[in-house]
Amino acid sequence: LKFGAWVYIFFIGRIFGMDKIFKGLNPAQIEAIEHVDGPALILAGAGSGKTTVLTYRAYHLITKANIDPSNILPLGYKLYALLLKQHGSL
């Protein structure tokens, strides 16, 4: 994620609280964000909010679970990028 996205998430979370962050998310997304017992694998279709969940999850881990940011590694990968990597062009 770009630095600006992190700043935005932290600003919204700090100023408005987690209830504003959770607004508009479905129960599965909220469950993934609040999961703190070990790593989480988030699989979902295109446009389903995976990047949002990864960002909010990192925020939640840092601010609510007191996890050191250096111990968080959110990864996202798009199928299109994978196909480009494998085939060179589409």
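None of these values were measured; they are calculated from a predicted model.
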Out of curiosity, [X] [atom1] to [Y] [atom2], how far, rounded to the nearest 0.5 Å?
{"X": "Ile33", "Y": "Ile42", "atom1": "CD1", "atom2": "CD1", "answer": "8.0 Å"}
{"X": "Thr55", "Y": "Tyr59", "atom1": "OG1", "atom2": "OH", "answer": "13.0 Å"}
{"X": "Lys50", "Y": "Gln29", "atom1": "NZ", "atom2": "CD", "answer": "10.0 Å"}

- Is there a side-chain contact between Pro74 and Ile72 (heavy atoms, below 4.5 Å)? yes
- Quick one: are Leu25 and Ile30 in side-chain contact, heavy atoms under 4.5 Å?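 Answer yes - side chains close enough.
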- Val36/His60 under side chain to side chain contact (heavy atoms under 4.5 Å, CB included): CA gap, chis, key distance, verdict: CA-CA 9 Å; Val36 295; His60 185 265; 4.0 Å; yes
- Message: Going by the rule side chain to side chain donor-acceptor pair (under 3.5 Å), which residues pair with Asn71 if we only count those two or more places apart in sequence or in a different chain?
- Response: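 Residues passing side chain to side chain donor-acceptor pair (under 3.5 Å) with Asn71: none at all.
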- Task: Any side chain to side chain donor-acceptor pair (under 3.5 Å) involving residues 34-45? Give me the pairs, sequence neighbours left out, ordered by first then second residue.
- Result: none
